[in-house]
Amino acid sequence: MTAVNGVSLDVKKGEFLSLLGPSGCGKTTTLRIIAGFERPTRGSVFIRDELVNNVPSYLRNTGMVFQNYALFPHKRVYDNVAFGLKYRHFPKNEIKDRVKRVLDLVQLPGLEERYPKQLSGGQQQRVALARALVIEPDVLLLDEPLSNLDAKLRAQMRIELKQIQQRIGITTIFVTHDQEESMTLSDRTVVMQKGSIIEQGEPYQLYEDPKSEFVASFIGQSNFMNGKIAEIGENMMKVSVDDGPVLTVPKQDAYGVGDSVTAFIRYERIEVLPAKPPDGGNVLSGLVDHVMFLGTNYLYRVAVSPKVMLIATEPNIRRTRSIVKGSTAWVRVEPENVGLIRKP
């Protein structure tokens with residue numbers, strides 16, 4: 001069985017790159033190959049233009065933060081952080097200075113004598129990060145290091161992790177299945193599926209202009225509708241959705257009449273209104289099938305045809321709602337908010 005197939009990456013110095021994809025897509029295997037924990041059956045790994053295929057992991061000068069942190073439970077914070085330096089036989093005074101600097105960097109001064117069991121999850125994560133950074137690696141490798149934290153702490157640590165990475169300018173490769181983490185942290189995101197790279201680019205680019213249905217569905221939440229290009233005008237095109245409405249979209253030279261496409265609309269790009277709005281954009285009527293209160297947002301499901309159900313999210317900016325389950329509502333989508341993906 002092939003775990004990773006034909007993955008080719010060039011990571012720039014100081015770049016924060018994310019490997020994003022579902023479980024089993026090959027992202028952690030790719031990271032372990034870079035770290036030297038796995039050996040590729042073919043291909044080459046270069047770090048700072050040096051071929052490292054036959055260089056053992058402990059000589060590659062990479063810093064690794066594991067998903068479970070892998071701290072030594074019997075060692076204090078100081079000894080956990082200093083472990084790599086001691087292994088490399090650094091002088092005691094330099095070890096002491098480096099450990100102090102890196103603990104200040106990750107905001108853990110004064111905790112040198114504590115054991116891991118005496119630390120919170122966020123503090124353990126910082127210790128693991130400090131241990132990876134103290135050796136001043138050429139590349140920092142992060143294998144889902146935030147996945148064990150609660151939602152609020154995870155959001156806080158994202159900010160801190162990005163600030164630390166920018167402050168020291170270290171090249172970072174980050175593995176995650178969480179699209180929000182990838183978009184928050186990354187300069188560039190590489191989307192993987194079944195051991196291969198599907199797409200890569202800046203997070204904004206992948207979100208707004210995905211080239212495949214897999215990426216459009218994995219990054220963000222979208223409604224998908226199959227259809228064909230029915231008409232092309234001077235500035236606009238008409239897309240006839242199978243068993244559904246006709247949508248107006250901006251003209252794109254890559255498409256011709258009769259081309260099969262998948263139209264997708266992000267949940268947050270749909271307005272749900274209690275009355276028919278003035279003409280403009282794609283305006284459709286439908287029956288509200290479901291309403292869900294999410295705290296900061298409302299989620300609606302609106303049936304706009306017997307076989308097409310649109311899901312929309314709207315911010316909770318009013319204390320009262322006039323749109324309830326079973327009511328008739330209108331949905332409006334601006335033409336530029338309808339994305340198209342060519343069907344194979």
Side-chain angles (χ1 to χ4, degrees), residues 20 178-184 189 191 199 201-230 233 235-252 254-255 261-305 307-318 321-323 325 327-343:
L20 175 67
D178 186 320
Q179 45 128 339
E180 189 173 319
E181 280 185 0
S182 174
M183 296 184 69
T184 302
T189 294
V191 183
E199 286 185 53
E202 295 180 5
Y204 179 86
Q205 172 192 346
L206 294 177
Y207 189 86
E208 296 294 346
D209 190 26
K211 304 303 181 187
S212 66
E213 189 171 332
F214 175 79
V215 173
S217 62
F218 196 80
I219 298 180
Q221 296 177 306
S222 298
N223 300 277
F224 293 94
M225 295 164 282
N226 294 323
K228 293 182 181 294
I229 305 296
N235 298 310
M236 294 289 176
M237 304 188 303
K238 300 285 188 180
V239 178
S240 178
V241 173
D242 296 347
D243 300 312
V246 175
L247 301 173
T248 300
V249 302
K251 181 181 177 181
Q252 300 177 39
Y255 295 103
V261 296
T262 297
F264 70 95
I265 307 170
R266 300 292 190 189
Y267 288 4
E268 72 277 9
R269 300 286 170 80
I270 300 176
E271 291 182 88
V272 182
L273 305 165
K276 185 177 182 179
D279 291 340
N282 297 289
V283 177
L284 309 168
S285 65
L287 184 68
V288 179
D289 174 77
H290 187 73
V291 179
M292 182 179 293
F293 176 61
L294 303 175
T296 58
N297 293 284
Y298 282 90
L299 181 143
Y300 302 101
R301 289 197 318 188
V302 183
V304 296
S305 78
K307 294 188 177 181
V308 176
M309 184 83 70
L310 294 181
I311 300 177
T313 56
E314 285 195 337
N316 177 19
I317 58 175
R318 293 183 295 274
R321 305 297 298 178
S322 57
I323 299 170
K325 181 179 178 180
S327 65
T328 298
W330 295 82
V331 297
R332 178 168 60 190
V333 183
E334 296 300 328
E336 60 268 24
N337 287 332
V338 180
L340 295 181
I341 298 170
R342 185 184 297 277
K343 296 287 285 185

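The analysis underlying the following values was restricted to heavy atoms, covering all of them including side chains, and did not include hydrogens, waters or symmetry mates.
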* **More than 12 heavy atoms of other groups within 6.0 Å of K343 NZ** =>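 Enclosed.
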Distance (rounded to the nearest 0.5 Å) between [X] [atom1] and [Y] [atom2]:
X	Y	atom1	atom2	value
Q221	Y267	CD	OH	5.0 Å
I219	L20	CD1	CG	5.5 Å
D178	T184	CG	OG1	8.0 Å
S327	L287	OG	CG	7.5 Å
K251	I229	NZ	CD1	12.0 Å
L294	N316	CG	CG	9.5 Å

Compare all side-chain heavy atoms of [X] with those of [Y] and state whether any distance is below 4.5 angstrom.
X	Y	value
V304	V331	yes
M292	H290	yes
L273	R332	yes
F264	L340	no
K211	E199	yes
D289	M309	yes
I311	L299	yes
L284	V302	no

* Apply side-chain hydrogen bond (donor to acceptor under 3.5 Å, both in side chains) to K307 and list each qualifying residue two or more places apart in sequence or on a separate chain. => none
* To do: Could you pull out all residues at least two apart from F293 that satisfy ring pair (Phe, Tyr, Trp, His ring centres under 6.0 Å)?
  => Y298
Considering all heavy atoms of both residues, which atom of [X] and which atom of [Y] are nearest to each other, and what is their separation?
X	Y	result
G281	E334	CA-OE1, 4.2 Å
V288	A329	CG2-CB, 3.6 Å
N223	I270	ND2-CD1, 3.4 Å
M225	V308	SD-CG1, 3.9 Å
S305	G244	OG-CA, 3.7 Å
V338	T248	CG2-O, 4.4 Å

* Asked: In terms of side-chain geometry, is the basic nitrogen of R269 or E208 positioned less than 4.0 Å from the acidic oxygen of its partner?
  -> yes
* **Face-on cation placement of R266 at Y207 ring, 6.0 Å and 45° thresholds** => yes
* Pick from M237, M236, K238: which one makes a side-chain contact (heavy atoms from CB on, under 4.5 Å) with V249? ->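 Among M237, M236, K238, the one that satisfies the side-chain contact (heavy atoms from CB on, under 4.5 Å) with V249 is M237.
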* Chi angles and distances behind the side chain to side chain contact (heavy atoms under 4.5 Å, CB included) call for V191, F214 -> CA-CA 9 Å; V191 183; F214 175 79; 3.7 Å; yes
* Asked: Quick one: does S217's side chain have a donor or acceptor within less than 3.5 Å of a partner on E213's backbone?
  -> yes
* Asked: Is the side chain of Q179 donor-acceptor paired with the backbone N or O of G220 at a distance under 3.5 Å, no angle test?
  -> yes
* Asked: Does a side chain donor of either T262 or N226 reach within less than 3.5 Å of an acceptor in the other side chain?
  ->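 Yes.
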* Asked: Side-chain donor-acceptor pair under 3.5 Å between T189 and E202, yes or no?
  -> no
